[in-house]
Amino acid sequence: MPVRQMKESSEQHLVIKTHLQNSVQKPQKATQNGKGPPNLEHQNIKCRNPSSPPSKNRGRRRSRGGRKSDQGEVYMRPSSRPCTVARKPDEPEFNAGDLVARTNPNGGNICGMEMGYRNSSKSLSFAPRPGFGQVGTKCIVKANHFFAELPDKDLNQYDVTITPEVASRTVNRAIMAELVRLYRDSELGKRLPAYDGRKSLYTAGELPFVWKEFNIKLVDEEDGVSGPKREREYKVVLRFVARANLHHLGQFLAGKRADAPQEALQILDIVLRELSSKRYCPIGRSFFSPDIRSPQRLGDGLESWCGFYQSIRPTQMGLSLNIDMASAAFIEALPVLEFVAQLLGKDVLSRPLSDADRVKIKKALRGVKVEVTHRGNVRRKYRVSGLTSQPTRELVFPVDDNSTMKSVVEYFQEMYGFTIQHAHLPCLQVGNQKKANYLPMEACKIVGGQRYTKRLNEKQITALLKVTCQRPRDRENDILQTVQHNAYDMDPYAKEFGIKISEKLASVEARILPPPWLKYHDTGKEKDCLPQVGQWNMMNKKMINGMTVNRWACINFSRSVQESVARGFCTELAQMCQVSGMEFNPEPVIPIYNARPEQVEKALKHVYHASMNKTKGKELELLLAILPDNNGSLYGDLKRICETDLGLISQCCLTKHVFKISKQYLANVSLKINVKMGGRNTVLLDAISCRIPLVSDIPTIIFGADVTHPENGEDSSPSIAAVVASQDWPEVTKYAGLVCAQAHRQELIQDLYKTWQDPVRGTVSGGMIRDLLVSFRKATGQKPLRIIFYRDGVSEGQFYQVLLYELDAIRKACASLEPNYQPPVTFIVVQKRHHTRLFANNYRDRSSTDKSGNILPGTVVDSKICHPTEFDFYLCSHAGIQGTSRPAHYHVLWDENNFTPDGIQSLTNNLCYTYARCTRSVSVVPPAYYAHLAAFRARFYMEPEMQENGSAGRSAKSTRATGESGVRPLPALKENVKRVMFYC
């Protein structure tokens, strides 16, 4: 998808730069000793108190007379239609006069606005690091980064052309290995080159030629014939291309240049991967082997292999080699019949296959490489392309030009003396569609070392997590053992290029940020709370804005849960909601309704209409649903029907929790129910006392955005984009959101801003950003004068593209509301899928770790292992439960608000304590977390499609007929669920 460029002429926008001084008035220091909350007296800035006693109608929604302040608090709808907000013709979306200045009670402008023009996108560069954070308790942590000494040799690149062209990296590497074996001491001038397996060869120093041609003969090891094997001849041409600039790299690492020399970094990465690529099975940036640790069976013919991740990274301490442990699912090297028996059960060998069985086998084996076993030493390998629709005994094919037909059974018997025992099973199809060959399943074995890239089932995921879940100390030891085993000091390629790798983990200065005080309702025994080690509970506390549930019902899809058990669970849940600060009617509208999972739509509509009849047309406010522990597609189907068809807010509970009835579980469910009803559970004390720098001073909106892509193997399903935004200020606790489907694996969010032609109104503006800005204005009565945008799911290679496109969309959305409306933007990328891990410096010091042995929540690192010049930091905002905690990596790409390191780090950490669904700080800032949940939920909304076996699936194929973008839009959500779907 081409990047939308910012045009210098017609699309250059007027930017209003808000000059906010970094010397923001420092808030009064809060007492952080746990003895009491910060002193709220003598505050000059007045804020409305969100814990003021709610009115009697607080639980009612807008259509039934809800409070004005609760209107429009969280909207969530798919933006399948133009994202516009209806308004009166004479009512402006934003009042231009409000933009000029806002005055505080003491006189003077809160925000002075100056007009300025921004240069074209060609000058776009990432935000430089403004300094280093100072807030928090200083400590030392260890990171899985190993210092790499910069080589002093010239790095040269040569272009590689192999004729005939080869698609396999493995074969390419074999050709190049043979070339080096034959010619290293002669033609190559004793150089040991590193090869990327494709088009590039790298050397330390120049080769004795600029261009040279070699003829290489390679024995086909896969031929498997006893006796002389086939030889293939290849022509290899090496041609000098360029010399990498190591001086540039040195300046970049020293912070004297802002642009990273990617070519030099890539060469060093390939050099350090060369030996491991020969020893292990390379997958992406990781290496796997069954010899590193014994493979563990995952079920259904899969096993887990252990391995390690390796990547060279530029950091403030210089070059760093990032090493981490890794695990992945591989297909067991089993006879195909045994694999199928594990997949479908042993009885498959004696019974005919159903259509569903055939599709399951086809899906599992398509693309898998197998070798034949019916020809003695001949082990020819093939890749499976499909499965025959007929059993083997019915298959015939022409054996000559006269179309003489012969059955597969007869052919294998006559040609190879191989008797097919299970002729009722289909054959594997290998080769392409034009010339497909048939192979009986019992004549094939799966080739080892093939990663399984399709979706794992629940049991396989659980088994894999058991393998990957390591305590911090165990993971640290395994990483150190991996570095020692790789022996980089003995690596001939590292020696050739002059690269030296330390065997010690990097020691890094860190700080532990203090947790924020949380505000609860004044009617509770505890009005304020200071979390301890990233967690707290609801004992003696009441939700700051508890809502009312008068009309609710319960539907039970679990056969093992009897009505009396379900009724007891509902009673306990209602009591917990009341204790937590909600008003909750103890009696359901209708008796608990028992239903079968396969009749989910019929059951839901029955409960909906029966409740409406009982309440004389008043809609249900809440539907409780009890689900089996293993419920397949039931959960997704229920949410889709409730939220896109019936307009029901639902809360699902698993059978195991219904029987156990844990107080902690009930408390967490009550939190979810309250926010789904439009309430707040808690807010930051600093927020309501207006003491958050660069948030509390002027109306600030905080966005979160994410794009989720379909699983591997789904080549037609759309990607789902979600954007959420805060809808209350100064609390910044409630969020609204929008979701939309977009092109398959498109990372740029297409619907942030868009225009279209209306036959009456002409050019109409819309999009996610615009809609959320308007809803913020409606919810708070004020326009946002500052934007903070947390963007999840972006890899480093996409930083520039995403910033360029999405920052442009934000500006256009703002300008479409008012000509001169350009609030300053801070754009932050949030990354969780990285491999940096932080370990305690001393595990014996219990004060430096949590119960799981992980570093303490609030640990932040912005030096040594971070970027040499750019504004990034690692933050572990959560307490570990099991395994090794993964810190979130925040990269500030654009900052017009002039955040200090302490300002953005503290804000991000404090927001992690406002996640609505639990009483723990979370690992990712909530707006980004909510956006991820919204995008994940929206995938349930895609209409199930019929597969070739007649069963339903959620592939939601894209077609040109569905819209301009070729993507079928998501179904529209009902009004009363638009604001809560990301609370799940």
Side-chain angles (χ1 to χ4, degrees), residues 18 20-52 102-111 133-137 511-522 526-531 536 544-545 680-702 726-734 780 782 784-788 790 824 826 858 860 875 877 895 897-915 921 925-927:
T18 309
L20 297 174
Q21 299 177 359
N22 278 335
S23 57
V24 176
Q25 184 178 357
K26 294 185 179 180
Q28 295 177 3
K29 288 189 176 180
T31 56
Q32 300 292 352
N33 57 7
K35 295 180 181 179
N39 187 359
L40 297 184
E41 295 179 5
H42 310 298
Q43 295 295 320
N44 292 328
I45 305 174
K46 296 180 180 179
C47 290
R48 56 187 175 86
N49 185 2
S51 63
S52 57
R102 288 190 179 275
T103 57
N104 63 29
N106 299 325
N109 292 342
I110 292 180
C111 176
Q134 303 297 324
V135 171
T137 305
R511 291 167 291 113
I512 303 170
L513 301 178
W517 280 91
L518 303 176
K519 182 75 176 73
Y520 282 91
H521 202 277
D522 289 338
E526 293 184 22
K527 302 175 182 61
D528 313 290
C529 170
L530 182 65
W536 65 101
I544 195 161
N545 293 127
R680 291 189 193 89
N681 295 329
T682 186
V683 296
L684 296 171
L685 194 60
D686 277 353
I688 61 173
S689 56
C690 296
R691 296 188 301 189
I692 301 179
L694 295 180
V695 172
S696 300
D697 55 344
I698 57 174
T700 300
I701 187 169
I702 302 180
S726 58
Q727 297 293 289
D728 54 351
W729 180 82
E731 297 91 344
V732 290
T733 302
K734 285 188 177 184
T780 65
Q782 302 183 77
L785 296 179
R786 179 185 292 117
I787 293 175
I788 301 171
Y790 286 100
T826 297
V860 63
L875 172 63
S877 53
D895 184 22
N897 289 298
N898 298 324
F899 270 100
T900 64
D902 283 329
I904 195 65
Q905 291 166 14
S906 295
L907 171 64
T908 303
N909 184 58
N910 291 350
L911 286 175
C912 289
Y913 286 79
T914 66
Y915 184 64
S921 59
V925 67

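Keep in mind that what you see is a predicted model, and the values were worked out from it rather than measured.
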Undergrad: When rounded to the nearest 0.5 angstrom, what distance separates CG in N910 from CG in L685?
TA: 11.0 Å
Undergrad: Measure the OH-CD1 distance between Y520 and I544 for me, rounded to the nearest 0.5 Å.
TA: 9.5 Å
Undergrad: Let me know which of V732, V695, T700, L911 forms a side chain to side chain contact (heavy atoms under 4.5 Å, CB included) with S726.
TA: V732
Undergrad: Does D686 reach the main-chain N or O of R691 with its side chain, forming a donor-acceptor pair under 3.5 Å?
TA: no
Undergrad: Would you mind reporting whether W517 and C529 have side-chain heavy atoms less than 4.5 Å apart?
TA: no
Undergrad: Say whether, by atom type as modelled, one donor and one acceptor occur between the side chain of D895 and the main chain of N897 under 3.5 angstrom.
TA: yes
Undergrad: Tell me, do T780 and P699 make a side-chain contact under 4.5 Å, heavy atoms counted?
TA: no
Undergrad: Is any side-chain heavy atom of D728 closer than 4.5 Å to one of R680?
TA: yes
Undergrad: Just so I know, are the side chains of L907 and I788 near enough to count as touching, which here means a heavy-atom distance under 4.5 Å?
TA: yes
Undergrad: Could you pull out the closest heavy-atom pair between G133 and P901, with the gap in Å?
TA: N-CB, 3.6 Å
Undergrad: To check you understand the geometry: which heavy-atom pair defines the closest contact between S877 and S921, and what is its length?
TA: O-OG, 2.7 Å
Undergrad: Rounded to the nearest 0.5 Å, what separation is found between the CH2 atom of W729 and the CD1 atom of I702?
TA: 12.0 Å
Undergrad: Atom CG in N681, atom CG in N545: separation rounded to 0.5 Å?
TA: 9.0 Å
Undergrad: Does V135 offer a backbone N or O that forms a donor-acceptor pair with the side chain of R511 under 3.5 Å?
TA: yes
Undergrad: Just verifying a value: how many Å separate L684 CG and T733 OG1, rounded to the nearest 0.5 Å?
TA: 6.0 Å
Undergrad: Would you check if the side chain of D902 reaches a backbone N or O of Q134 as a donor-acceptor pair within less than 3.5 Å?
TA: yes
Undergrad: Using only atom types and a distance under 3.5 Å, with no angle test, would you say the side chain of W536 pairs donor to acceptor with the backbone of L518?
TA: no
Undergrad: Do you know which two heavy atoms are closest between F899 and P693, and how far apart they sit?
TA: CE2-O, 4.3 Å
Undergrad: Between the side chain of T914 and the main-chain N/O of C912, is any donor-acceptor distance below 3.5 Å?
TA: no
Undergrad: Working to the nearest 0.5 Å, report the span between CG of L513 and CG of L875.
TA: 6.5 Å
Undergrad: Between H521 and K527, is any pair of side-chain heavy atoms under 4.5 Å apart?
TA: no
Undergrad: Is it true that a side-chain atom of D528 and a backbone atom of K519 form a donor plus acceptor pair closer than 3.5 Å?
TA: no
Undergrad: Is the shortest side-chain heavy-atom distance between V925 and Y790 below 4.5 Å?
TA: yes
Undergrad: Within the side chain of R786, is there an N or O that forms a donor-acceptor pair under 3.5 Å with the backbone of P824?
TA: no
